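Remember, it's a predicted structure, so these values are computed and weren't measured experimentally.
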Amino acid sequence: MGIQPVSAVGREDQDQTEGRYNDLLAQSLRKQEESRTTLTEMIRDAKEKSDAQREKFKLAKAAPRYGDAPLEAYARLNRAKTQGQASAAGGYARRRIAQLEAAQRSDPDHADQIKAAISQLKKAVTRAGKKKLEISREELARARQKRMVRERRRREAQRIKQELRKSQAMRAIRESGYLRETEISNRQADQLTATKMELKAQAEQLGAAVHASVDTALQGYSAGAQLAAADTDAAVAAPQVNVQA
């Protein structure tokens, strides 16, 4: 009994099987690389869509101007010359607070702007009450000044007049500060709202892109694994040597 060396036909079959296995393995690796490339492209596309969404926000129709309410309240308060006008400015602020509290429940996307406006309106109500007291004191001071003039107490009358002017000048400075404070609050709230909406849009875009890319990658790896398994089965089934008794 003797064992003959591997026949030429057996070696040829083995070489062909190994070559086919290598080709299929390379094809599987290419598919995996394509899957990674597809993932990169999808992330890049998501970024481009996010940039486009950002531009869309810039060009979109202006959002409701909730910050106008406190500006109007303070404008009315600044114009108030009597206790009744100051009281009316406070009443306007209270009405707008009630309206904005209702809007806060129906418009959560602009919650920060509404919250800032409500905060400023509440301050306006308090400041309107303070201005009513100031106007009342000024009216009493004017009446006292007139009495000093009638009594020929001109020095005392002049002192009261100067105090009135100083009080009115200080109040005018304070009230102009109220408007600047409200404008700054509105800008900060607008920027915060725009930032949150932009981040929300980016998260939605990236979430969709990552979900799609993961599915693509899984499909690519699954196909590669199936090819590799088929190649291995083929290699094992191929004849390696011929043994003759």
Side-chain angles (χ1 to χ4, degrees), residues 35-80 85-86 88-131 171-218:
S35 296
R36 286 193 292 270
T37 302
T38 301
L39 176 60
T40 303
E41 292 175 350
M42 296 187 76
I43 293 176
R44 185 174 62 250
D45 291 342
K47 184 178 182 302
E48 293 174 354
K49 290 179 181 179
S50 176
D51 293 340
Q53 190 73 14
R54 187 183 302 111
E55 294 298 324
K56 181 180 178 181
F57 276 122
K58 292 180 181 179
L59 300 176
K61 185 178 179 180
R65 297 177 60 86
Y66 295 111
D68 287 349
L71 289 173
E72 177 60 23
Y74 282 120
R76 295 187 182 198
L77 185 61
N78 288 0
R79 294 194 299 266
Q85 291 173 344
Y92 170 82
R94 281 189 290 271
R95 291 193 300 274
R96 293 311 303 270
I97 287 173
Q99 294 172 356
L100 290 176
E101 286 176 342
Q104 196 170 23
R105 293 187 291 270
S106 60
D107 190 6
D109 289 340
H110 298 91
D112 294 305
Q113 294 167 308
I114 297 172
K115 182 179 179 181
I118 290 175
S119 176
Q120 290 300 319
L121 286 168
K122 287 180 177 178
K123 292 180 182 179
V125 172
T126 301
R127 289 163 176 170
K130 181 178 179 180
K131 185 166 185 178
R171 188 174 66 241
I173 293 173
R174 280 201 315 273
E175 291 175 351
S176 64
Y178 297 159
L179 288 170
R180 287 195 296 271
E181 174 188 316
T182 302
E183 290 171 352
I184 293 172
S185 176
N186 287 345
R187 277 200 303 273
Q188 291 176 340
D190 291 344
Q191 291 172 355
L192 181 59
T193 298
T195 300
K196 286 185 176 180
M197 294 181 71
E198 182 177 340
L199 291 174
K200 180 180 178 181
Q202 289 180 1
E204 290 175 352
Q205 293 286 349
L206 290 174
V210 170
H211 179 73
S213 63
V214 168
D215 288 345
T216 302
L218 289 174

Task: Nearest-0.5 Å distance that lies between atom CD1 in I114 and atom CG in L121 - done: 11.5 Å
Open item on the list: Nearest 0.5 angstrom please: Q113 CD to Q191 CD, how far?
Closed with: 11.0 Å
- [ ] Quick one: pull up CZ in R171 and OG in S176 and give me the separation to the nearest 0.5 Å.
- [x] 12.0 Å
Task: T193 (side chain) donor-acceptor with D190 (main chain) under 3.5 angstrom - done: no
Task: Nearest heavy atoms of E175 and N78, plus distance in Å - done: CB-OD1, 2.9 Å
TODO: Would you mind telling me which of L192, I184, N186 makes a side-chain contact (heavy atoms from CB on, under 4.5 Å) with Q188?
DONE: I184
- [ ] Specify the closest pair of heavy atoms between R65 and D68, including all atoms of both residues, with the distance to one decimal.
- [x] NE-OD2, 2.9 Å
- [ ] Determine the minimum heavy-atom distance between A93 and A124, stating which atoms define it.
- [x] CB-CB, 4.1 Å
- [ ] Measure the CZ-CG distance between R174 and L77 for me, rounded to the nearest 0.5 Å.
- [x] 10.0 Å
Open item on the list: Give me each pair satisfying salt bridge (Lys or Arg N to Asp or Glu O under 4.0 Å) with a member in residues 114-124, each pair once, sequence neighbours excluded.
Closed with: K123-E181
TODO: Output the distance between atom CD (Q120) and atom CD1 (I97), rounded to the nearest 0.5 Å.
DONE: 10.5 Å
Open item on the list: Can you tell whether the side chains of E72 and R96 come within less than 4.0 Å, N to carboxylate O?
Closed with: no
TODO: Only counting residues at least two apart or in another chain, list the ones meeting side chain to side chain donor-acceptor pair (under 3.5 Å) with K196.
DONE: D112
Open item on the list: My understanding is that only residues two or more places apart in sequence, or in another chain, count here; which of them pass ring pair (Phe, Tyr, Trp, His ring centres under 6.0 Å) with Y178?
Closed with: Y74
Open item on the list: If I compare all heavy atoms of K131 with all of A80, which pair ends up nearest, and what's the gap?
Closed with: NZ-O, 3.0 Å
TODO: Over all heavy atoms of both residues, which pair between A73 and A89 is shortest? Give the atoms and the distance, please.
DONE: O-CB, 4.2 Å
